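Shown next, in structure tokens, is the structure this report addresses.
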Amino acid sequence: MTGVARSALPEPYNQRVRALFEEPQHAGEVVNGPGRRFEGRASESAAGAQIVLAAVVSDGILAVLRFRVFGCPHLIAAAELTCERFEGEPVKKLQDFSVSDLMETLGVPVEKTGRILRLEDAVRALLLQIDRTATNKD
Amino acid sequence: MTGVARSALPEPYNQRVRALFEEPQHAGEVVNGPGRRFEGRASESAAGAQIVLAAVVSDGILAVLRFRVFGCPHLIAAAELTCERFEGEPVKKLQDFSVSDLMETLGVPVEKTGRILRLEDAVRALLLQIDRTATNKD
Amino acid sequence: MKSTHANAPIYLDDAATTRIDPQVAAALSACFAARADYGNAASSHIAGRRAQAAIDTARQQLGLLLNARPQDLIWTSGATESDNLAIIGAARFRAHRGRHLVTMTTEHKAVLESFDALEKEGFEVSRLSPGADGVLALSALEAAIREETQLVSIMHVNNETGVVQDIAAIGALCRSRDVLFHTDAAQSAGKLPVDLAALPVDLLSLTAHKFRGPQGVGALYIADRPGCSVAPLLHGGGQERRLRPGTSALHQIVGMGVAAKLAHDRLAANLRHVTALHERLWNAVKRIPGVTRNGSADAHYAGILNISAAGVEGESLMLALEPLCVASGSACNTQSREPSFVLKALGCTDLEAQSAIRFSFGPETSLGDIDFAGEHYRSAVTKLRAIAPAAAA
Amino acid sequence: MKSTHANAPIYLDDAATTRIDPQVAAALSACFAARADYGNAASSHIAGRRAQAAIDTARQQLGLLLNARPQDLIWTSGATESDNLAIIGAARFRAHRGRHLVTMTTEHKAVLESFDALEKEGFEVSRLSPGADGVLALSALEAAIREETQLVSIMHVNNETGVVQDIAAIGALCRSRDVLFHTDAAQSAGKLPVDLAALPVDLLSLTAHKFRGPQGVGALYIADRPGCSVAPLLHGGGQERRLRPGTSALHQIVGMGVAAKLAHDRLAANLRHVTALHERLWNAVKRIPGVTRNGSADAHYAGILNISAAGVEGESLMLALEPLCVASGSACNTQSREPSFVLKALGCTDLEAQSAIRFSFGPETSLGDIDFAGEHYRSAVTKLRAIAPAAAA
Ligand SMILES: Cc1ncc(COP(=O)(O)O)c(C=O)c1O
Ligand SMILES: Cc1ncc(COP(=O)(O)O)c(C=O)c1O
């Protein structure tokens, strides 16, 4: 009781962030395969963060979803979690994408809100590209 | 070598002062006995120190020498040492009394010089009284 | 009068510094583990975060002792620094509102000299005298506070006499006049109840080594109220809310936290113990002719007893009292032989002040120590009076 | 890239704080003996005198390390306080002669913010930029010194880059112009030779915890020369020649003394050790594409290696480097995520500065630690680059 306390270690990253950061399954380029390839980009000028989301869409399904990020661990984890959640889902499900949900799951500090919002920009950019292509086709 | 050093303890009183202070053999009143009684007094106003030297002179000898002091340990030790040195000696030997000698033996800090000089005043006052009496007699 | 105890000092100087509690020493030493266990608390890596967590715990422990929110406490190097930061810092912080300050003549030098420094900066300082019992009259303070007054600093327990000021009433008065109230609690924290949730105190200084923590670490409480803050005296790395920078001294802070916890747990028992010792010592010495106590017997912390003996010279008394480790005047003043300014403020003459002896004690002091001290004091006084000329003092 | 070392942090952050030497810890703990063994050093009784003697010994030990007279050293709570006292104190002490001061942009915050505070008091401050290698050109200093200049403060070893300034030449220049010279030696004392009998230095700051002493204690050297002194920042009990009052922290000071003695005895061996580690680490990382070292490779203390990697984000790099305990920028700046102002002063872009990692090490660091660090750094950089968009950074 009078020893040096080890409790309440102020942890900058929660376990989820650490796991997603350490072994991101969806980082990298989209490999060639069936379906059309799309890309959404965004960046945060303040911290120099850059986000690229790349998808292969096949029959209205996000068959492959990959990210590339230059940025902090929270942003990398958020991008990985987004890919994890939406890969294999219908494109339109991407409209459910929620930053506040991500921030909570990953315990992102509020001062990083602006940065995580850029991930939303990248998702929107990706959706827009997919939409445009669909419109062009129709 | 790396432990807490105990060497060079700054000692405010040397062993001689401690011994003289702890068991002063010549403190107190002159007891009645053969010979005439004399007294020399002095005081230092700054620290309120007071010195009384009392002697019984018999055949030109300081048969008994006593002191009373209100003052610091160095002054008490100096008075005791003075009595120790001159008791039993001829009165005229008191003229050898030396403050600098006392200061050295007792390691008196220089800032106390003024106070120890008052002891010299008391010795002088005592001598003067003895002298006067001698003169009156003659 | 050679004492049989000559080689075994008896420590009765807790008001100067206390012995660190063995549990505190153990907790402090535990911080000297591997480097990767405890780093610089400002570092973001695991070793830094571990250090930070330990410091947070210590802040909670100190918060518990004082019933204060941990975030309102900042670590310093001791009460001297806390006093300086509180007084100089608050005066500068509020200088735009007014430049009049109030304190008392019997404060610790760290307080008095902080005010001296402020005077050189153009502040005006009123220094109130307490009564002969050492207690400040509330009416005197009331009369001293003006429109421009920004800060009042009145200590809780006096370090020389143990006299306790009514900081609840003083604080209430200050609050009613919109004046900040600082109290130097170096001698009370960990010894008397100090409940900052209830007390109207804005700034409070304390130091760990007066309640069995380590030397060289203290704290300043700064109430979270509008208009209550301090301009920092030191500038740098941003630690302690930018009010007191420098690498946090982990082991020191951990030690102070544990000392606070122990003091909190044992407060009532310790107070009972020193009260019993106090009565015993006072009973032993009060019948010695010419012995008087300095300071109030009522508004008083029991761990300190300050007495003067007529007709006895102070320096010789200190030596005759060996092997007792006691203080003549404040420990901080013993390098000079000046008569204590605190006792003179209570009306003592130079000689009375010089003959004053402060006995101070704590949980480690035994009844045997106290009985020996009383007996030894009596014989030392008797001896020195026997040596002194009849008319002396 | 999960490391097998995940649960065993490897400490490479000696520039932030070092682990206390076990011999220092033992000497420090030995001060926690009986109360009658060590009291308040200001007390005149035996317990006080014992404390004073131990402090005197520590002052001698520190004097030996710096080749300075013990009486020219005063104890403080660390280099932050020493820097503040030296700079603010000397500027105020000499304010009547002139109000111009000179420093460098890559100093520690304790220095820079002391000068900021002086500017608010009406002093004028010139802040010189070093070259891209971090070294200050003597000609720049020469040009900056004016008739009214009173103080120059240039650090010895930089805490982020390890760059060493030529304090002998700087001091000689200052002396020739009758200007006081202060140097922050927090990162060099106990690690590089510092010979104050030979160096023309007037004021020198240091802190014990950077050379395996305890945190929370430091010292300031004040040369015994006409016109060289400081106005105190703290006021109170008269300790440390009235320049730094407060109860002397016995165990802290004793610990710093022993740390000084050990550092003195082992200086050459320690320097050889860190030089070997430095070469090994630099050899391991220098061939990674886009990796550059920050600061001079020549005028450099070997215990620090600061490198940037193009195309890698700093915060992610720090996490990927776990279990390495390293710093990104100065430890004192990690609470904010601002790119290091020191590296920017050397010409780094924001992104380069943000990706910078400071490895710092000492006698406790093993070759194995260093080899692991080099390998781990390489794989972290590789991994993060693989995640990043092609065009990044
Ligand atoms: C160069 C330099 N100066 C000053 C300091 C401040 O030292 P401390 O935090 O011990 O007060 C440090 C370390 O933090 C430093 O590296
Ligand atoms: C009332 C009071 N205030 C302040 C102080 C200063 O405390 P420190 O010496 O630990 O800085 C002390 C003790 O020395 C004290 O008794």
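Proteins come first, then strands; the chains are lettered A, B, ... in the order of their sequence lines, and each starts at number 1. Just so it is clear, the model here is predicted, and its values are computed rather than measured.
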Pick one of side chain, backbone, both or neither for C:H235, based on which atoms fall under 4.5 Å of a heavy atom in chain D.
both

According to salt bridge (charged side-chain N to carboxylate O under 4.0 Å, His left out), does anything in residues 27-36 of chain D pair up with another residue at least two apart or in another chain? List the pairs.
C:D14-D:R35, C:E364-D:R35

Out of D:L234, D:L324, D:T17, return the one with the most heavy atom pairs under 4.5 angstrom to chain C.
D:L234

Among residues 78-85 of chain D, those lying within the under-4.5 Å heavy-atom range of chain C are D:T80, D:E81, D:N84

Residue, of D:V326, D:I88, D:L112, that accumulates the most heavy atom pairs under 4.5 Å with chain C:
D:V326

Which residues share a ring pair (Phe, Tyr, Trp, His ring centres under 6.0 Å) with C:H251, sequence neighbours left out:
C:F32

Ranking D:C325, D:A110, D:P214 by heavy-atom pairs under 4.5 Å to chain C gives rank one to D:C325

Would you mind reporting whether D:E322 and C:I46 have side-chain heavy atoms less than 4.5 Å apart?
no

Side-chain contact, heavy-atom cut-off 4.5 Å: C:Y11 with D:H45?
yes

Proximal component of C:A51, with respect to chain D [non-hydrogen, under 4.5 Å]
neither

Student check: side-chain heavy atoms of C:S77 and D:R244 closer than 4.5 Å
yes

Report the residues that fulfil ring pair (Phe, Tyr, Trp, His ring centres under 6.0 Å) with D:Y377, sequence neighbours left out, ordered by chain and then residue number.
D:F359

